[in-house]
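Atoms considered below: every heavy atom in the structure, side chains included; atoms not considered: hydrogens, waters and symmetry mates. Below, chain A is the first sequence line, B the second, and so on; all start at residue 1. Note that the structure is predicted; figures quoted are calculated from it, not measured.
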Amino acid sequence: MPELPEVEVVRRGLSASATGSLITSLLPTGARTFRRHDPALLDRRLRGRRIDAVDRHGKYLLLRIERDQTLVVHLGMSGQLLVAPAAGERPRHTHLVVGLGDREMRFVDPRTFGEVFVTAGHGRPAELAHLGFDPLVDRMTPVRFAELLSGRRMQLKPLLLGQRLVAGIGNIYADEILWAAGLRPDRLASDLSADEVETLLREMRALLRTSVRLGGSTLSDGQYVDVAGAAGRYQERHRAYGREGAACARCASPIIRIRWGGRSTFLCPECQR
DNA sequence: CAGATGCCCTGGGCGC
DNA sequence: TGCGCCCAGGGCATCT
């Protein structure tokens with residue numbers, strides 16, 4: 001489940017290995033991967049051009065291509081971007097191959113929740129206009145964050161997951177951030193004190209940064225890996241997600257799991273308030 | 001407009 | 001060993 005830290009680790013890997021590379025071919029094969037436009041557009045807009053830079057907003061990767069094009073990639077639930085020698089065998093569920101001379105970038109996505117599209121310009125794509133701020137890229141002050149929260153009579157977890165307020169947080173990091181901030185997932189955003197708002201913002205940034213530093217979270221399904229195929233280590237630092245029945249690292253009470261909005265939520269019922 | 005629900009999809013784990 | 005079932009959940013459409 002690639003969320004912001006995992007996508008950032010992929011971004012760094014791509015930035016290091018693909019920046020400056022010439023796109024020599026494009027082979028889009030996955031029908032569901034290309035749902036915004038005709039996949040033939042990729043070849044017309046990108047072939048023969050270089051990759052200038054790799055940016056990210058929330059869970060979206062933004063590959064900046066010469067002559068004002070952006071290749072947007074969302075990994076969805078099971079997507080991987082792998083850079084490998086072009087000679088090697090491609091994994092099952094490879095839906096796009098971007099030729100980079102004697103290497104290639106492969107978009108692999110068994111569950112096809114991911115998406116790829118091309119858009120004009122090097123700013124924030126219009127398709128991503130609905131996204132909120134990125135906690136590691138955009139400037140955000142506690143005062144401004146408090147303003148954004150004060151108008152929302154929404155519970156914290158669905159608000160963090162919604163992408164409209166803040167972009168990049170999914171189910172794992174929502175639970176981890178709320179545990180770190182000591183806040184219950186069903187607290188209303190508009191009811192937080194100034195101190196709680198500040199704690200939430202601080203813990204969100206610190207935790208996401210630490211996860212990036214440790215290479216993100218690779219769960220037991222081994223689904224998430226970086227561009228070279230290596231797993232992350234942040235799952236060893238999880239304090240709530242996936243820890244039903246384990247002792248809370250802060251108060252030693254058992255972590256509980258509840259079904260909420262059709263998905264799992266892990267929390268400490270004692271010290272998250 | 002917030003909030004709930006269902007759908008898309010495959011692989012892995014589990015019970016029998 | 002095999003089969004059916006359930007679960008993982010991001011984003012979006014649809015409805016109230």
Side-chain angles (χ1 to χ4, degrees), chain A residues 1-8 10-11 29-37 56-62 72-81 90-96 106-117 119 124-132 134-135 148-178 185-191 208 211 216-225 229 231-232 234-235 238 240-245 257-267:
Chain A
M1 342 289 114
E3 303 179 27
L4 187 151
E6 292 76 33
V7 179
E8 174 62 15
V10 170
R11 186 198 71 76
T29 50
R32 217 172 94 86
T33 301
F34 308 97
R35 36 190 185 258
R36 300 234 185 198
H37 59 62
R56 179 188 59 74
H57 191 95
K59 300 172 195 169
Y60 289 85
L61 283 164
L62 307 169
V72 182
V73 179
H74 190 292
L75 300 176
M77 292 288 299
S78 60
Q80 303 173 342
L81 271 181
R90 292 168 186 154
R92 245 167 89 78
H93 306 295
T94 297
H95 303 308
L96 171 66
R106 301 163 176 164
F107 177 73
V108 182
D109 183 17
R111 287 164 65 186
T112 66
F113 283 85
E115 185 186 12
V116 176
F117 63 93
T119 187
R124 163 101 71 102
E127 293 86 346
L128 309 186
H130 62 285
L131 296 178
D134 184 288
L148 291 175
L149 291 177
S150 67
R152 310 301 293 268
R153 290 201 59 80
M154 248 180 106
Q155 295 171 319
L156 289 177
K157 178 149 180 184
L159 188 58
L160 291 179
L161 286 177
Q163 311 300 308
R164 306 189 81 90
L165 171 77
V166 48
I169 297 169
N171 203 43
I172 295 172
Y173 292 98
D175 285 2
E176 291 300 310
I177 289 165
L178 290 170
D186 60 353
R187 284 283 299 280
L188 290 184
S190 52
D191 290 350
L208 295 172
S211 181
S217 301
T218 298
L219 303 184
S220 55
D221 61 10
Q223 197 68 254
Y224 163 71
V225 289
Y234 191 73
Q235 66 281 3
H238 288 180
Y241 184 84
R243 295 181 50 78
E244 182 182 20
R257 168 196 191 140
I258 56 176
R259 294 291 295 183
W260 205 34
R263 51 198 58 164
S264 288
T265 291
F266 298 88
L267 72 148

Mutual orientation of the aromatic rings belonging to A:H95 and A:F107 [parallel < 30°, tilted 30-60°, perpendicular > 60°]: tilted

Could you check how far [atom1] of [X] sits from [atom2] of [N], rounded to whole Å?
| X | N | atom1 | atom2 | answer |
| --- | --- | --- | --- | --- |
| A:R111 | C:dG10 | CZ | C1' | 10 Å |
| A:R32 | C:dC12 | CZ | P | 12 Å |
| A:R36 | C:dA13 | CZ | C1' | 14 Å |
| A:D109 | C:dG10 | CG | P | 14 Å |
| A:L131 | C:dG10 | CG | C1' | 12 Å |
| A:L75 | B:dC8 | CG | P | 23 Å |
| A:Y224 | B:dT10 | OH | C1' | 21 Å |
| A:I258 | C:dC7 | CD1 | C1' | 17 Å |

Intermediate values then yes/no, side chain to side chain donor-acceptor pair (under 3.5 Å), A:E6 and A:Y173: CA-CA 11 Å; A:E6 292 76 33; A:Y173 292 98; 2.6 Å; yes

A:D134 side, atom CG; A:L128 side, atom CG - distance, nearest 0.5 Å: 11.5 Å

Neighbour count above 12 (heavy atom, 6.0 Å) for A:R124 CZ: yes

Per [X] side chain, nearest of listed nucleotides [options]:
| X | options | result |
| --- | --- | --- |
| A:P110 | B:dG11, C:dC12, C:dA8 | B:dG11 |
| A:H74 | B:dA2, C:dG11, C:dC7 | C:dG11 |
| A:Y241 | C:dA8, C:dG10, C:dG11 | C:dA8 |

Can you tell me if [X] touches the phosphate of [N], counting only side-chain N or O atoms and a distance under 4.0 Å to OP1 or OP2?
| X | N | value |
| --- | --- | --- |
| A:S264 | C:dA8 | yes |
| A:R92 | B:dT10 | no |
| A:R164 | C:dC12 | no |
| A:R259 | C:dA8 | yes |
| A:Q163 | C:dG11 | yes |
| A:H93 | B:dG11 | yes |

Pairwise 5' ranking along DNA chain B for A:D221 and A:Q155, keeping only the more 5' one: A:Q155

5' precedence on DNA chain B between A:M154 and A:Q223 (nearest-nucleotide basis): A:M154

Side chain A:R263 and base C:dG10 donor-acceptor under 3.5 Å: yes

A:R257, A:H238, A:K157 screened by side chain to side chain donor-acceptor pair (under 3.5 Å) with A:D175, the one that passes: A:K157

Check: A:R106/A:T94 side-chain N/O donor and acceptor closer than 3.5 Å: no

Sugar-phosphate, base or nothing in reach of A:R35, heavy atoms under 4.0 Å: nothing

Sugar-phosphate only, base, or nothing, as touched by A:N171 at under 4.0 Å among non-hydrogen atoms: sugar-phosphate

